[in-house]
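Proteins get letters first, then strands, A, B, ... in listed order; numbering begins at 1 in each. Side chains are part of it too, since the values below use all heavy atoms of this structure and drop only hydrogens, waters and symmetry mates.
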Amino acid sequence: MDTDNTARGGQRAGRYNHIAIEKKWQDVWEERGTFVAADSDPRPKLYVLQMFPYPSGNLHAGHVRNYVIGDAIARFWRMKGYNVMHPMGYDSFGLPAEQAAIDRKIQPADWIEQCISTARRQFKRYGFSFDWTREVNTSAPDYYRWTQWLFTTFYRQGLVYRKQIEVNWCEEHGVLANDEVKDGACWRCDREVSKKKMAQWLMRTTDYAQDLLEGLDDLPGWTQRVVKLQTNWIGRSEGTHADFAVPAITDSCPAGEQPVLRIYTTRVDTIFGCTFMAVAPDHPLAEAMAAAGNMSDKLATFQEECASEDVRFKVAEEKPKRGIPLGVNCINPFNGEEIPVWATNYVVSDFGTGAVMAVPGHDSRDHAFAREYGLPVRQVIRPADAAVEVDVQREAYTEKGLSINSGDFDNMDFHTAKAAMDNWLMHHHHGESAVQYRLRDWNMGRQRFWGAPIPMVHCTACGWQPVPDSELPVRLPAEADYSDIRVSPLANDEDWKRTKCPACGGAAERDTDTMTTFMCSAWYFLRFCDPHNDNAIFDPAKVAAWMPVDYYIGGQEHAVGHLLYSRFITMVLQKLGYLQLARPDFAGELPKLGNEPFRRLFNQGMVYKDGAKMSKSKGNVVSSDELADEYGADTARIFGLFGGPADQDLEWTTSGVEGGLRFLRRVYRLAQAVSAAPNLEDSLPEMAENAVRARHRAVAGVSEDLCNWRFNTAIAKQMEYLNELEKLWQQADGNDHSGAFRVALTSFAQLLSPFAPHIAEELWEMFDGPGLCADSEWPIHDPAMLVESTLELPVQVNGKLRGRITVAAAASAEDCLAAARANEDVARWLEGVSVIKEIVVPGRMVTFVVK
RNA sequence: GCGGAAGUGGUGGAAUGGCAGACACGCUAGGUUCAGGACCUAGUGAGCGCAAGCUCGUGGGGGUUCGAAUCCCCCCUUCCGCACCA
């Protein structure tokens with residue numbers, strides 16, 4: 001492939017030279033500040049946001065495809081007259097920088113700086129219409145200062161607390177968030193993950209579980225898929241708390257302080273079928289109960305077994321159900337029945353209350369356990385349809401039905417029984433109806449160097465103290481010492497740790513954990529609205545002017561983590577009064593759920609090559625620089641959009657890229673031929689009219705497809721337009737009538753501009769368009785020009801295509817039928833049969849139903 | 001197991017109740033060029049046929065309809081989430 005098409009002798013002068021063209025227009029856009037978004041502008045605003053990358057070296061074809069989607073959208077709406085903000089930045093804290101620093105023996109800050117300048121240069125080679133004046137970088141002190149400010153602000157509001165928790169522990173990468181664990185293994189190194197107890201800072205996301213859930217109703221612009229994923233992740237369930245007394249441990253306690261075994265169940269209607277109690281091995285009362293039942297040693301052994309089991313069995317189904325009796329009984333509050341308490345490996349301590357009323361007749365897990373240990377099975381629910389046979393001894397009946405063997409609650413359906421039983425519990429002070437969420441509080445800390453230091457100081461006298469705002473940012477030390485890679489360099493840096501207590505001024509120590517990068521990226525879209533503010537995290541007026549994000553484009557791997565945390569941060573900031581997204585309506589009322597940051601969400605597909613997702617680790621990347629050198633940014637952009645629907649995965653093929661290049665070369669060649677011809681009045685009016693009609697058709701089709709994010713068909717329509725123009729130009733067979741073609745190609749440039757912006761500018765210039773193509777007003781079509789004077793209609797007989805007729809566009813149904821009957825291919829099928837029905841779909845087809 | 005998405009030529013994909021395969025890639029033949037992974041023209045779902053044309057055809061089976069890739073029911077396959085959540 002020539003990289004310099006004009007260099008060789010004998011070439012036709014002016015052959016499409018993507019290198020020269022692309023550089024030329026990138027420089028022009030940069031000089032003129034074409035894509036800088038002004039805060040005050042009379043046009044309506046449109047915030048187009050693309051998930052910012054982790055800058056880990058070179059961009060590849062996968063990134064190109066991802067970002068060209070949002071760029072096409074941003075450019076399209078810009079031309080449609082919107083004041084578009086389309087910013088970009090870098091999510092630059094996190095593990096890979098640290099790994100690179102260890103591998104290459106350089107500082108993470110130096111490494112990431114190189115990566116960022118490479119990424120910025122590579123982005124610019126693709127002509128993305130980013131407003132570079134708004135660039136943010138999460139690892140820069142003037143950014144993480146505000147990440148830290150969020151932490152201390154939330155801490156002062158009581159939203160951050162410290163707790164000993166079991167964390168996911170990877171030997172190589174330390175503590176992992178739940179969403180960093182895949183199938184029981186670390187998402188980065190596939191190493192098995194174990195559990196470890198550690199004091200961590202937690203964010204009270206669970207306080208907002210209900211708000212986060214309800215907010216989803218306000219997001220019709222999100223895909224059902226993501227809404228469902230978040231709904232499941234939050235995992236609301238409605239059930240009942242019920243208290244079971246344990247006389248063996250309460251007898252020795254003073255009245256009023258007697259502990260009870262509290263259970264959570266969604267099937268309180270089955271409580272009369274409860275034949276034993278199952279608690280987690282590490283339930284808070286387990287040891288007390290074991291002590292009372294003389295089972296302490298056995299419980300300790302069991303607890304150890306379970307801890308190692310958690311690591312061995314990644315999938316719950318593979319884990320055999322096991323347990324030990326604790327030697328004590330508890331009392332069912334409804335019937336006073338005494339049932340044994342077991343510690344079991346199938347009850348987890350961090351959901352509900354860590355204790356389960358076991359109903360083997362109506363729960364398959366309890367049933368499996370009861371079978372294993374010979375515990376009794378009792379039926380308390382029967383199917384509403386008496387014809388259905390049920391044998392709970394053989395298999396648990398888990399459907400809802402009517403209560404039996406349940407005392408006063410017999411013959412009630414589920415809802416009646418639950419309401420009556422919840423009411424009974426509340427009345428007798430043994431429980432109440434309850435709601436549970438699967439969502440857990442958010443672990444903020446990582447035992448890593450390359451992150452925003454958690455701005456907390458520990459003083460032996462005053463305890464934990466937040467660093468005052470005036471002392472933010474708490475900067476990372478300039479040098480990280482990686483001689484001992486098992487420990488965070490911060491924890492080993494005595495000079496850095498040593499500080500004064502903000503409260504008493506005495507000697508104190510800094511927290512050596514850094515924040516999860518999910519925190520850094522949970523608010524960057526707000527900072528883009530006011531990226532250089534040194535006095536505040538942002539100016540609420542500027543945020544109110546730009547937010548919410550109108551289009552958010554990114555990978556579906558962030559469907560839960562990043563998007564949920566961003567929603568949470570926005571929600572809390574709004575609640576604390578730092579931010580007001582929802583504007584009061586005319587009555588001064590705030591819309592209930594007007595605090596969602598991302599109005600519409602678009603998940604692009606991934607790019608595959610050789611059957612695997614394109615990634616550096618798979619070794620199947622096509623580098624963006626090579627691609628731009630060899631084929632050009634415009635060609636790569638065209639292929640990325642043309643290869644298939646943007647929300648589906650795309651297989652990267654060289655032949656497909658070449659097809660894109662061929663298309664642009666043909667465009668360029670036609671443009672050159674037309675521009676070289678004398679600009680004269682059209683002497684062939686019919687041909688000129690065909691060119692005009694083709695233009696209106698293309699404008700209508702491309703505009704509609706772009707509104708619906710159908711880039712592949714939009715480009716197909718431009719290819720059709722080009723095919724028509726080429727054919728007409730050939731028919732013109734001369735050069736005394738280029739007027740219509742000049743107009744056609746000027747519009748062509750505009751239609752091409754969102755996809756292949758560099759060549760579009762070149763064509764625009766070639767045909768003397770005013771200013772820049774990127775600044776031009778998107779063309780509109782005249783619907784009257786889409787109406788053809790004659791139509792070709794298919795004719796069906798009994799649903800089978802039998803012929804085609806050509807009729808005037810305005811032809812009546814009678815005329816169509818007459819023309820159809822007159823058609824000899826159709827007439828053959830109408831001979832010797834009786835027509836029982838005639839259907840004319842105007843403009844679409846003619847059908848005869850015969851017998 | 002539960003939930004979601006998908007299944008159309010040799011390939012990527014179009015068509016969301018009305019001409020299946022737009023637009024490309026690939027392939028075949030011809031042309032053009034000193035040469036080219038350049039360009040142009042024509043052809044290209046399968047089967048039958050000299051042809052006009054006919055039959056079949058959107059994972060499989062059934063249904064609704066004058067008409068189904070599209071709507072409904074059952075089944076199969078693939079991919080992706082979640083998974084002892086009580």
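Separation of the C1' atoms belonging to B:G9 and B:A5 is 23 Å when rounded to the nearest angstrom. A distance of about 10 Å separates the C1' atoms of B:G45 and B:U8, rounded to the whole Å. Here, B:G57 and B:A20 have their C1' atoms 9 Å apart, quoted to the whole Å. Comparing the C1' positions of B:U44 and B:G59 gives an interatomic distance of 25 Å, to the nearest angstrom. A distance of about 8 Å separates the C1' atoms of B:A83 and B:C2, rounded to the whole Å. Here the separation of B:G67 from B:G81, taken at their C1' atoms, is 39 Å to the nearest Å. Spacing between B:C48 and B:U58 at atom C1', rounded to whole Å, works out to 22 Å. Across B:U65 and B:C76, the matching P atoms stand 28 Å from one another, rounded to whole Å.
Counting non-hydrogen atoms under 4.0 angstrom, A:L229 reaches the backbone sugars and phosphates but no base. As judged by a 4.0 angstrom heavy-atom cut-off over every strand, A:G643 is placed among residues touching the sugar-phosphate backbone only. In this structure, A:M845 reaches the bases: a heavy-atom distance under 4.0 Å links it to at least one base atom across the strands shown. Residue contacts shown for A:D363 are absent, as no nucleic acid heavy atom lies under 4.0 Å away. Within the 4.0 angstrom heavy-atom criterion, base atoms lie near A:E792. A:R844 comes within 4.0 angstrom of the backbone, heavy atoms only, and of no base. Using a 4.0 Å heavy-atom cutoff across all strands shown, A:K717 reaches no nucleic acid atom at all. Contact annotation for A:V359: no contact, since no heavy-atom pair falls under 4.0 Å across all strands. Looking at heavy-atom distances under 4.0 Å, A:W652 makes no contact with the nucleic acid at all. Looking at heavy-atom distances under 4.0 Å, A:T266 makes contact with sugar-phosphate atoms alone, never a base. At the heavy-atom level, A:V348 lies under 4.0 Å from base atoms of the strands shown. When heavy atoms are screened at a 4.0 angstrom cut-off, A:R236 is found touching no nucleic acid atom at all.
The CD1 atom of A:I836 sits 9 Å away from the P atom of B:C66 (whole-angstrom rounding). When the P atom of B:G4 is taken as reference, atom CG of A:L216 falls 16 Å away, rounded to whole Å. What separates CG of A:L664 from P of B:A24 is a distance of 13 Å, to the nearest Å. The CD atom of A:Q648 sits 17 Å away from the P atom of B:C79 (whole-angstrom rounding). Note: CD (A:E399) to C1' (B:C2) measures 13 Å, nearest angstrom. What separates CG of A:D825 from C1' of B:G53 is a distance of 8 Å, to the nearest Å. In this structure, the NZ atom of A:K837 is 5 Å from the P atom of B:C66, given to the nearest Å. Counting to the nearest Å, the P atom of B:A52 and the CZ atom of A:R802 are 16 Å from each other.
Nearer the 5' end of RNA chain B, as judged by each residue's closest nucleotide, is the contact made by A:P645, out of A:S349 and A:P645. Closest-nucleotide positions on RNA chain B for A:T713 and A:D366 were compared, and the one nearer the 5' end corresponds to A:T713.
Looking only at atom types and distance, the side chain of A:Y346 has a donor-acceptor partner in the side chain of A:D366 under 3.5 Å away. Between the side chains of A:Q210 and A:Y437, a donor-acceptor pair is found at a separation under 3.5 Å.
With rounding to the nearest 0.5 Å, the separation of CD1 in A:I21 from OH in A:Y16 is 5.5 Å. Taking CZ from A:F244 and CZ from A:F334, the interatomic distance works out to 8.5 Å, rounded to the nearest 0.5 Å.
Closest to the side chain of A:V841, from the set B:G18, B:A14, B:C66, is B:G18. Of the candidates B:C66, B:A22, B:A86, the closest approach to any side-chain atom of A:E720 belongs to B:A22.
Judged by distance alone, the side chain of A:R65 and the main-chain N or O of A:R637 form no donor-acceptor pair under 3.5 Å. In this structure, the side chain of A:H562 does not engage the main chain of A:F518 through any donor-acceptor pair within 3.5 Å. A side-chain donor-acceptor contact under 3.5 Å links A:R378 to the backbone of A:F272.
Base-pair partner of B:G17: not found among the strands shown (Watson-Crick or G-U wobble, both distances under 3.5 Å). Of the nucleotides present, B:U28 is the one that pairs with B:A42 by Watson-Crick or G-U wobble criteria, both distances under 3.5 Å. Under the Watson-Crick or G-U wobble criterion, with both distances below 3.5 Å, B:U70 has no partner in any strand shown.
Between the side chain of A:E630 and the base of B:G37, a donor-acceptor pair under 3.5 Å is found.
For A:D269 and A:K418, the salt-bridge test fails: no basic side-chain N is under 4.0 Å from an acidic carboxylate O.
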